[in-house]
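Chain letters run A, B, ... following the sequence lines, proteins first and then strands; every chain starts at 1.
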Amino acid sequence: MASVSSQPQFRYTQPPSKVLHLRNLPWECTEEELIELGKPFGKVVNTKCNVGANKNQAFIEFADLNQAIAMISYYASSSEPAQVRGKTVYLQYSNRQEIVNNKTTADVAGNVLLVTIEGNDARLVSIDVLHLVFSAFGFVHKITTFEKTAGFQALVQFSDAETASSAKNALDGRCIPSYLLPENMGPCTLRITYSAHTDLSVKFQSHRSRDYTNPYLPVAPSAIDGTGQLGVGLDGKKLEPESNVLLASIENMQYAVTLDVLHMVFSAFGPVQKIAMFDKNGGVQALIQYPDVQTAVLAKEALEGHCIYDGGFCKLHLSYSRHTDLSIKVNNDRSRDYTLPNPAIASPQPSILGQQPGSAAGPGTSQYGAPGQYPPVSGQTMMQQPSAGWGPPHGSTQSMPMQMHSNHYMPPQGAGSYQMGPGMMQGPNSGGVPHPSMGRPSYGGPGPMQ
DNA sequence: AGCACA
C-alpha cells in the first residue's frame, strides 16, 4: 500500500454526460429548484438532491446529451454564474451516465420486502425457515433468495403492503429465533426494507426460490440433483428429501394390488429397477426403485393421491423413501429385482414399456412370476379386475385431477382397443397390454363399458 | 467546492 497519491478524483475535462453534477447548492435545495435551473436548456428527466456529506450537491439528468452540453457551455462563457436562491452553483458533467435513485425502492411501502439476513451463518438460513418466520404475518406468496455484496438477501412477497409492513415492523432488526435454526448456528439478524417489486417471478421451486401460490410449478433440476438432500417442500413444511425410491401405501385396497400392477403403473415414468412389497399397519406398502431421483419425482407428482382403479379403489399415497438401493433377496410375488439378467424372472411385464428384452415374447407367453395370483395373461387381456375397475363409473372423476383436461377423450371400446389419448401418462403401452385406470384420461361421462 | 445508491 504505497501512497500512490496519483488520485485524479476529478479531471478538468470531464467527458460529456447527460447527467450534471452540481455543488455548492443552498441548504435543502429542492428538486423543483433544480428543474427550474435546467429547464432553459432542455428536459430534465431526473434529479437527485442532498448528495454528499454536506447534502449540498445534486445531480440533474437531461433527456438528451446535447441539452447537458448546452447548459455547461452556456455557463462556461456566461458572465452570470448559475445560481439557486442567489447562491452560485458549480456545474460539471457527472462521471456517470445516468442517475440511479432508489427513492422508489426503500421508501415506499409495498407488498414485497427486501430482507437482508445478517450473521456469519446467514446463508445457512433456509428458505423454509424464512417462510415460517414471515408466514406469521400473513400468507406468503413467493420468496426468492440471492447473494449480493450486501450479503444473503431474500425478497418476500405478501398479498398487500399492509401485511408486508406489519411483518417489517415486527421483524426488522430482530434475530431469527434460534429454535428455528440448525444447532450451532450463530445469530441471524433480519434487516428489512421495502422492495420496488410487486410480483416476483419464480420459474421453479428450488432451494433458492419458491412460489407458494402454485404447487404445480416445476421443480428446478438444481433442486433435484444439485444438493440432493434439499427437500423442496411445496408447502414449505415438508422437508422430505427426495429419493430415487418411492414408498407407496395403498388406501382402500378393494382389489388386490400385485407386484405386476405396481410395476406397470410405475413403469409409465421410467424404468423400474426394484419393487418390494410388505405389510405395514394393516395395509400394504411398497418400495419402488427408479434409477434416478428425477424419475421418482415425476412419478410421485403424477401419481400421488390417484387411484389405481376407478371408483376410488386402491388410492396411492407416495413419499420418498430413505432407501436408495433396495436389497431384493428373492424374487417372488412380493419383491422383485427387474435389473437381474434372468429374463424369465426379471421381465414379468413384457410389453409395458416395450423396451425390455423379454418383451419380445408374444402374447400369451408372458410369464408372471407371481404364482397363483393371476393366470397367464395374454397380450390382449386386461388386468384381472372386476369390470367396475375398468368402466368409467360415475363419480370417479375426482380421482385424477391432473387429467381432467382430457375429458373430451372417449375411452376405447374395450380391451381390444389400445390407442392412447392425449394427456395420458407416457407409458408407451406398445404391446397393447391394458392397464389399470391410472392413465386413463376419460372420466367425462358414462363409457361404453358401463 | 469536487460524484449518490443497492
Starting at CZ of R96(A) and ending at P of dC3(B), how long is that distance when rounded to a whole Å? 11 Å

Set of residues satisfying side-chain contact (heavy atoms from CB on, under 4.5 Å) with respect to S249(A), sequence neighbours excluded: Q285(A), H317(A)

Phosphate OP1/OP2 of dA4(B) contacted by Q57(A) side-chain N/O (<4.0 Å): no

Using a heavy-atom cut-off of 4.0 Å across all strands, would you classify E98(A) as base, sugar-phosphate, or nothing? base

Nearest-Å distance for atom pair CG/C1', residues N54(A) and dC3(B): 13 Å

Nearest-Å distance, CG (L91(A)) to P (dG2(B))? 14 Å

Calculate the interatomic distance between N56(A) atom CG and dC3(B) atom C1'; express it in whole Å. 12 Å

Under the salt bridge (charged side-chain N to carboxylate O under 4.0 Å, His left out) definition, can you give me all pairs with a residue in residues 141-163 of chain A, not counting sequence neighbours? R123(A)-E147(A), K142(A)-D199(A)

Whichever of A150(A) and Y90(A) has the more 5' nearest nucleotide on DNA chain B, that residue is Y90(A)

Rounded distance in Å - CG (L20(A)) to P (dC3(B)): 15 Å

Roughly, in whole Å, what's the span from CG in N24(A) to P in dC3(B)? 13 Å

Nucleotide dC3(B), atom C1' - distance to CG of N50(A) in whole Å: 14 Å

Assign L114(A) to base, sugar-phosphate, or nothing according to its heavy-atom contacts below 4.0 angstrom with the strands shown. sugar-phosphate

Whether Q157(A) side chain and I143(A) backbone form a donor-acceptor pair below 3.5 Å: no

Separation of dC5(B) atom C1' from N95(A) atom CG, nearest Å, is 13 Å

Can a donor-acceptor pair be found, under 3.5 Å and without considering hydrogens, that links the side chain of Q205(A) to the backbone of N214(A)? yes

